[in-house]
Amino acid sequence: MPLIAIVVAALAIGFEQLIQWKYGPLGIVAFILLTVGVKARNTKLSGAGAALLVLLLAQSN
(Lines give C-alpha, C1' and ligand atoms only; values in the text may rest on other atoms or scores of the structure.)
Protein backbone atom coordinates (compact mmCIF):
# COMPACT_ATOMS: atom_id res chain seq x y z
CA MET A 1 0.00 0.00 0.00
CA PRO A 2 2.75 2.57 0.78
CA LEU A 3 4.36 1.83 -2.58
CA ILE A 4 1.14 2.68 -4.40
CA ALA A 5 0.85 5.95 -2.47
CA ILE A 6 4.44 6.89 -3.36
CA VAL A 7 3.86 6.12 -7.04
CA VAL A 8 0.62 8.12 -7.12
CA ALA A 9 2.30 11.06 -5.36
CA ALA A 10 5.21 10.97 -7.81
CA LEU A 11 2.83 10.94 -10.78
CA ALA A 12 0.86 13.86 -9.35
CA ILE A 13 4.01 15.91 -8.78
CA GLY A 14 5.25 15.08 -12.28
CA PHE A 15 1.92 16.08 -13.82
CA GLU A 16 1.91 19.33 -11.82
CA GLN A 17 5.41 20.18 -13.03
CA LEU A 18 4.41 19.44 -16.62
CA ILE A 19 1.38 21.73 -16.34
CA GLN A 20 3.50 24.50 -14.82
CA TRP A 21 6.18 24.17 -17.49
CA LYS A 22 3.72 24.16 -20.38
CA TYR A 23 0.98 26.55 -19.16
CA GLY A 24 2.68 28.64 -16.48
CA PRO A 25 1.20 29.85 -13.21
CA LEU A 26 -2.36 29.93 -14.54
CA GLY A 27 -2.10 26.22 -15.29
CA ILE A 28 -1.08 25.54 -11.69
CA VAL A 29 -4.03 27.59 -10.40
CA ALA A 30 -6.39 25.61 -12.63
CA PHE A 31 -4.87 22.30 -11.51
CA ILE A 32 -5.14 23.29 -7.83
CA LEU A 33 -8.77 24.36 -8.28
CA LEU A 34 -9.56 21.07 -9.95
CA THR A 35 -7.76 19.02 -7.30
CA VAL A 36 -9.28 20.84 -4.34
CA GLY A 37 -12.73 20.71 -5.91
CA VAL A 38 -12.53 16.96 -6.44
CA LYS A 39 -11.19 16.27 -2.94
CA ALA A 40 -13.80 18.53 -1.31
CA ARG A 41 -16.52 17.23 -3.64
CA ASN A 42 -17.26 20.80 -4.62
CA THR A 43 -18.52 20.85 -8.19
CA LYS A 44 -18.13 24.61 -8.59
CA LEU A 45 -14.39 24.52 -7.81
CA SER A 46 -13.70 21.44 -9.87
CA GLY A 47 -15.76 22.82 -12.75
CA ALA A 48 -13.88 26.12 -12.66
CA GLY A 49 -10.53 24.33 -12.64
CA ALA A 50 -11.54 22.02 -15.47
CA ALA A 51 -12.89 24.91 -17.55
CA LEU A 52 -9.70 26.88 -17.02
CA LEU A 53 -7.57 23.92 -18.07
CA VAL A 54 -9.72 23.45 -21.18
CA LEU A 55 -9.32 27.12 -22.06
CA LEU A 56 -5.55 26.86 -21.65
CA LEU A 57 -5.45 23.73 -23.80
CA ALA A 58 -7.59 25.33 -26.51
CA GLN A 59 -5.46 28.47 -26.48
CA SER A 60 -2.19 26.58 -26.96
CA ASN A 61 -3.32 24.77 -30.10
Side-chain angles (χ1 to χ4, degrees):
M1 187 65 138
L3 180 63
I4 294 172
I6 291 172
V7 169
V8 169
L11 287 174
I13 290 172
F15 183 71
E16 184 178 348
Q17 291 298 318
L18 177 69
I19 292 290
Q20 184 175 4
W21 170 72
K22 183 136 176 129
Y23 302 110
L26 196 55
I28 289 297
V29 170
F31 184 68
I32 289 172
L33 280 174
L34 181 62
T35 304
V36 169
V38 167
K39 286 188 180 186
R41 296 184 184 191
N42 187 334
T43 56
K44 289 182 182 178
L45 277 180
S46 58
L52 193 54
L53 278 176
V54 167
L55 286 174
L56 287 171
L57 288 170
Q59 188 179 32
S60 69
N61 290 331

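Predicted, not measured: the structure shown is a model, and the values here were computed from it.
Applying the side-chain contact (heavy atoms from CB on, under 4.5 Å) criterion to Ala50, with sequence neighbours excluded, gives Leu34. Partners of Leu26 by side-chain contact (heavy atoms from CB on, under 4.5 Å), not counting sequence neighbours, listed by chain and number: Leu52, Leu56.
Counting all heavy atoms, side chain and backbone alike, Ala30 lies closest to Leu53 at CB-CG, 3.7 Å.
Side-chain contact between Phe31 and Tyr23 is absent, with no heavy atoms from C-beta onward closer than 4.5 Å.
In this structure, Lys22 NZ and Leu18 CG are separated by 7.5 Å, a value rounded to the nearest 0.5 Å. The CG atom of Leu45 sits 11.0 Å away from the OG1 atom of Thr35 when rounded to the nearest 0.5 Å. Between atom CG of residue Leu33 and atom CG of residue Asn42 there is a gap of 10.0 Å, rounded to the nearest 0.5 Å.
Placement of Val29 and Phe15 in two distinct hydrophobic clusters is found when ILVMFWY residues are connected by side-chain heavy-atom separations under 4.5 Å, directly or transitively.
Hydrophobic cluster membership of Val54, counting Ile, Leu, Val, Met, Phe, Trp and Tyr whose side-chain heavy atoms lie under 4.5 Å apart directly or via other members: none, as it forms a cluster of its own.
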